[in-house]
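Below is one structure; the comments refer to it alone.
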Amino acid sequence: MYNIILLGPPGVGKGTQGARLRDRYHIPLISMGDILREAVREGTPLGKEAKSYMDKGELVPDDVVVGIVGERLKGEDCSRGFILDGFPRTIAQAEALERLLEKEGKEITHVILLDVPEDEIIRRLSGRRLCKVCGAAYHLVFNPPKEEGRCDRCGGELYQRDDDNEETIKARLEVYHSQTTPLVEYYEKKGLLRRVDGVDTIEGIFERITRILEEGNNSPKNP
Ligand code: AP5
């Protein structure tokens, strides 16, 4: 069973690789950013609270995101594994996750840390476009859609995220360095962390990740 955390700064490719892992292993991709953005779009109380933090590139309070993940992990579809993208982002969130999983007799099996230099991250985020309907991620230069402004998967309209502007990208990177990087040591000490060079084609990076996941696994596509 794969219970995976995708770790790394904004724009490193967590969502892109997460979607490919979901399709390969048929396990749910739980993206905290997507969950929060959907709440913002729907104007729910959670969305209203989250928006003020997200617009500034700050983290939404731990108790809010831990509550969301706790509920989501109870889903029947998580019984055969899951991929967490964008959670945990603080030590408090990581500890809460451990307690949540412990109650269910589960544990994290892999923490994949994607590593990309900062100038490349800024290039990636400023050219990112997302599908309004299915959330698929594109890049104007590195991963363009076949038809301009339209999603290849579902034909939905593409848009640019509010927080993908230079000022907010810088704030998100600072928040990552101050609040999320301690998780690298945290998971390293637990022997779960695997570093993956995130500068390559999307396919090349995907191969690196699946090689790590499938080490010692004889039936990789049917875990
Ligand atoms: P979230 O949505 O999780 O944003 P993030 O962590 O900043 O990550 P991104 O989605 O920006 O990047 P990514 O690594 O997924 O990259 P992607 O694959 O899209 O969070 C948003 C906000 O929500 C946070 O700021 C916070 O406010 C809140 N939040 C979320 N989780 C929280 C938590 N746990 N606690 C508190 N608050 C939380 O790729 C980027 C671009 O690069 C794309 O255009 C893609 O096509 C392109 N690309 C990908 N791979 C490659 C490649 N190999 N080569 C070239 N281009 C590539």
Side-chain angles (χ1 to χ4, degrees), residues 1-54 57-114 130-137 153-154 156 161-163 172 175-176 179-180 183 186-187 190 192-193 209 213 223:
M1 189 190 294
Y2 297 133
N3 294 336
I4 305 165
I5 292 173
L6 294 175
L7 191 62
V12 82
K14 303 182 296 294
T16 302
Q17 297 299 330
R20 279 168 172 71
L21 293 169
R22 172 197 61 202
D23 295 346
R24 180 172 177 112
Y25 298 117
H26 309 290
I27 52 177
L29 170 62
I30 303 171
S31 162
M32 184 52 70
D34 286 351
I35 293 171
L36 294 171
R37 274 185 293 280
E38 195 181 327
V40 171
R41 261 196 310 277
E42 288 175 354
T44 63
L46 163 68
K48 285 181 185 145
E49 183 183 359
K51 188 171 176 5
S52 59
Y53 296 99
M54 295 170 81
E58 292 171 3
L59 296 184
V60 174
D62 287 340
D63 56 336
V64 175
V65 290
V66 167
I68 293 171
V69 163
E71 280 308 306
R72 184 63 189 87
L73 286 174
K74 284 184 198 157
E76 173 53 30
D77 59 341
C78 293
S79 62
R80 292 184 61 238
F82 54 81
I83 306 153
L84 287 170
D85 161 14
F87 185 93
R89 286 193 201 226
T90 63
I91 295 284
Q93 290 179 21
E95 289 171 348
L97 174 65
E98 216 168 289
R99 288 193 293 274
L100 285 169
L101 292 175
E102 219 168 68
K103 274 191 213 153
E104 315 237 344
K106 295 180 186 167
E107 56 187 13
I108 293 299
T109 57
H110 300 81
V111 179
I112 305 289
L113 173 67
L114 289 167
L130 295 161
C131 175
K132 272 189 180 169
V133 181
C134 73
R153 285 174 62 185
C154 72
R161 261 169 54 173
D162 289 345
D163 59 350
R172 285 158 62 201
V175 165
Y176 176 79
Q179 300 191 53
T180 307
L183 289 180
Y186 180 86
Y187 285 117
K190 290 181 184 291
L192 292 172
L193 192 92
I209 298 174
L213 296 176

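Numbers here are sequence positions counted from 1. This structure is a prediction, so every number in the text was calculated from the model and none was measured.
- Residues satisfying the side chain to side chain donor-acceptor pair (under 3.5 Å) test with Thr180, not counting sequence neighbours, are none.
- Qualifying side chain to side chain contact (heavy atoms under 4.5 Å, CB included) partners for Leu73, counting only residues two or more places apart in sequence or in other chains: Ile30, Val69, Cys78, Phe82, Leu97, Leu101.
- Partners of Lys190 according to the side chain to side chain donor-acceptor pair (under 3.5 Å) rule, which considers only residues two or more places apart in sequence or in another chain, are Glu98.
- Electrostatic pairing of Glu71 and Lys74 counts as a salt bridge here, judged by a charged N lying under 4.0 Å from a carboxylate O.
- The distance from the CD1 atom of Ile4 to the NE2 atom of His110 is 7.0 Å, given to the nearest 0.5 Å.
- Taken from CG in Leu84 to CG in Leu6, the straight-line distance is 8.5 Å, to the nearest 0.5 Å.
- Nearest heavy atoms, Gly8 versus Tyr176: C-CE1, 3.4 Å.
- The side chain to side chain contact (heavy atoms under 4.5 Å, CB included) search around Val64 returns Leu46, Glu49, Val60, Pro61, Ile68, not counting sequence neighbours.
- Heavy-atom neighbours of Glu107 CD from other residues, nucleotides or ligands within 6.0 Å: at or below the threshold of 12.
- Closest heavy-atom contact between Pro88 and Tyr187: CG-OH, 3.4 Å.
- Residues satisfying the salt bridge (charged side-chain N to carboxylate O under 4.0 Å, His left out) criterion with Arg22, sequence neighbours excluded, are absent altogether.
- Minimum interatomic distance between Ala50 and Leu36 (heavy atoms only, all atoms of both residues): CB-CD2, 4.0 Å.
- Of the inter-residue distances, the one linking Leu7 atom CG with Leu183 atom CG reads 6.0 Å to the nearest 0.5 angstrom.
- For the atom pair Leu213 CG and Tyr25 OH, the distance stands at 4.5 Å (nearest 0.5 Å).
- For the atom pair CD1 of Ile5 and OG1 of Thr109, the computed distance is 9.0 Å after rounding to the nearest 0.5 Å.
- Between Thr90 atom OG1 and Glu95 atom CD the span is 8.5 Å, to the nearest 0.5 Å.
- Scored by the side chain to side chain donor-acceptor pair (under 3.5 Å) test, Arg37 finds Asp34 as partners (sequence neighbours excluded).
- Qualifying side chain to side chain donor-acceptor pair (under 3.5 Å) partners for Lys103, counting only residues two or more places apart in sequence or in other chains: none.
- Considering only residues two or more places apart in sequence or on other chains, Lys48 meets the salt bridge (charged side-chain N to carboxylate O under 4.0 Å, His left out) condition with none of them.
- Here Glu42 pairs with Glu38, Thr44 under the side chain to side chain contact (heavy atoms under 4.5 Å, CB included) rule; sequence neighbours left out.
- Scored by the salt bridge (charged side-chain N to carboxylate O under 4.0 Å, His left out) test, Asp77 finds Arg72 as partners (sequence neighbours excluded).
- Checking side-chain atoms of Gln179 against main-chain N and O of Val175 turns up no donor-acceptor pair under 3.5 Å.
- Here Arg161 pairs with Asp163 under the salt bridge (charged side-chain N to carboxylate O under 4.0 Å, His left out) rule; sequence neighbours left out.
- Here the shortest heavy-atom pairing between Cys154 and Val133 reads SG-CB, 3.8 Å.
- Listed by first then second residue, pairs satisfying side-chain hydrogen bond (donor to acceptor under 3.5 Å, both in side chains) with a partner in residues 3-20 number zero, not counting sequence neighbours.
- Heavy atoms only, all atoms of each residue included: Arg172 and Pro10 are closest at NH2-CB, 3.6 Å.
- When all heavy atoms are compared, the tightest approach of Tyr2 to Ile27 is O-CD1, 3.7 Å.
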